[in-house]
Amino acid sequence: MIEVKNLYKRFGDLEVLKNINCKVNESEVVCVIGPSGSGKSTLLRCLNMLEEMTSGDVVIDGDHINDKKVNINEIRAEVGMVFQQFNLFPHKTVIENIMLAPQKVRRISREDARKRAVALLDKVGLSDKENNYPSQLSGGQQQRVAIARALAMEPKVMLFDEPTSALDPELVGEVLEVMKQLALEGMTMVVVTHEMGFAKEVGDRVLFMDEGKIEEEGDPEQIFSKPKSERTQEFLRKVL
Amino acid sequence: MFGFNWAGVIDFIPQLMTGLYYTLLISVLGLLIGFILGAVFGMGRVAKNKIIYGISTVYIEVIRGTPVLVQAIWIYFALPLIIGMNIESILAGVIVIAINSGAYIAEIVRGAVQSIEKGQMEAGRSLGLDHGQTMRYIIWPQAFKRMIPPLGNQFIISIKDTSLLSVILVPELIFQGRLIAANHFNAVEIYTTVAAFYLVITLSLSLVLRLLERRLDIQ
C-alpha cells in the first residue's frame, strides 16, 4: 500500500531523514516509535506531502506522489491524517467539520454527507455532539471528531501523528479505543506514537527511529522483549 | 468680541446634507472597492509567486508611503493627462479612497490570514481540499472575524480622509462647510457642525461593526 524508497529530507543544513526505506502492506498497522526529533513526524508528513521530500520516492497505492503528473489532492483524499493538535475547524460545528470535505472533494450531496457523518459520529461515540462547536468538547472528544472527519473521506490509509500526545492522561484511552476498533476493521494505519502499550497490542509491526534513520524494525513482540539494537534497548529502558 | 451664532447654523443644514450625501457616497463606494483591492493584494502578499508578491508589495508601500492629498492630485490632475481623458471629481474621489484604503486593508487581510494557525491549512489540505478551497472554506471565514476591528479603524480613517477631497472639488462636507464659512464668517459654528456630522457617521459604523462582530462570535 505504501512504499518508501531512499527518502531524504533536509531542512536547510539539517538532515532530518536519512535514507528511509520501508513498506506498509494493506490492512497493516505500523507503529513508529522513537525519541523526539528522530524524524518520526517528518516521515509521516512526507507520506502525504505536507512536507516535501528532498529526494527519494514514496509510492502510495501505485502512485508516485512526487511525480509532477500526479494530482496531490487526489492522493491526499485517499490518505486520512490525524494531528497531534486535532486541527478541527473552530468556526464549524462537529457535523460540519465532518461533512465539508466529502462534499467539496468527493462531490457527494449534502444529504449523503450528513448520513455519512451521523454514522461516523455514532462510531466514535459522539452522536450527541453533532451541533456542538469544537471548543465545547474535551480534547479526547475533539480527537475522535478529527478521526471521524478523516474517515468521512473513506481513505485507504490513515496516518496518525502522535494522536494522544496533547491529551490529558485520562482521555487517552477513549482515542486509542477508537483507533483499535479501526485496526480491527482492517484499516491500513501508520501511527507515530509514544503509547508503547498501543504499539505492542495493536501494532503488526514497529519501526524504531533514531536520528533520522530506521534503527530497527520488527514485530512488536520481538522489538519490546528482545530488541537487537543497543540504541533501541536504551530507548525502551527509559520509556517502559 | 463676537458671540457664537449657533442658531444661524440651521439655515445651512440643507447645504450640509448635500455634502453629507457626497461624503457617504464616496466613502461607501471607495471602501467597497478598497475592500476588494485589499482582499486581492492582501492575498498577493501571502502568495508564493514572486511577481504577484512583488506587485502587491510595491502597491502597498507606494500608497502607504505618500499623502492622500498628493494621491488625490495625481488622480484628478495628472492621470487625465496620461490617459487623455478628464475624470469627474466625484469619480476621482472614489478612486482615491479605493486605492488608498485598499493598501491598508491589504495589510489587514495579510495579517489576519497569517494569524490563522498553520494546522488549519494542513488539516484542509490533508483532506484533499486544494489551496483555494481551503482558503475559502477554512481560512477566510476565521480570518474575516479577526479583520473586523482593524477594518473598523481603517474605515473610520478613510471616511475622514474624504475631507481632503475638497481640494479636487468634490462637493463633500468640508467643501460645503468652507463655502458657507467663507461667505458668512461663521467658521467655528459650521466646522463644528461638520465635525458632528462625521461623528454621527463614524459612531454608526462602530455600532454596526460591533453587532457584526458579536454575530460572528460563536463561542
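What's counted below: heavy atoms across the whole structure, side chains too, no hydrogens, waters or symmetry copies. Letters A, B, ... are given to chains in the order of the sequence lines, protein chains preceding strands, and every chain is numbered from 1.
Between A:Met209 and A:Ile20, some side-chain heavy-atom pair lies under the 4.5 Å cut-off. Considering only heavy atoms from C-beta on, A:Asn66 comes within 4.5 Å of A:Met49 through its side chain.
The choice from B:Glu122, B:Met121, B:Glu117 that makes the most heavy-atom pairs within less than 4.5 Å of chain A is B:Glu122. Counting heavy-atom pairs closer than 4.5 Å to chain B, the top residue among A:Lys104, A:Met153, A:Met81, A:Arg106 is A:Lys104. Put simply, of A:Ile75, A:Leu159, A:Val105, the one with the most heavy-atom pairs under 4.5 Å next to chain B is A:Val105.
Contact annotation for A:Leu88: only backbone heavy atoms (N, CA, C, O) come within less than 4.5 Å of a heavy atom of chain B. With a threshold of 4.5 angstrom between heavy atoms, A:Arg45 approaches chain B through side-chain atoms but not through N, CA, C or O. Within the 4.5 angstrom heavy-atom criterion, only side-chain atoms of B:Gln133, from C-beta onward, approach chain A.
Between the side chains of B:Thr193 and B:Glu189, no donor-acceptor pair is found at a separation under 3.5 Å.
Ion pairing of A:Glu111 with A:Lys115 is absent here, as no side-chain N (NZ or NE/NH1/NH2) approaches a carboxylate O to less than 4.0 Å.
Geometric assessment of A:Arg149 against the ring of A:Phe89 yields a positive cation-pi assignment under the 6.0 Å and 45° thresholds.
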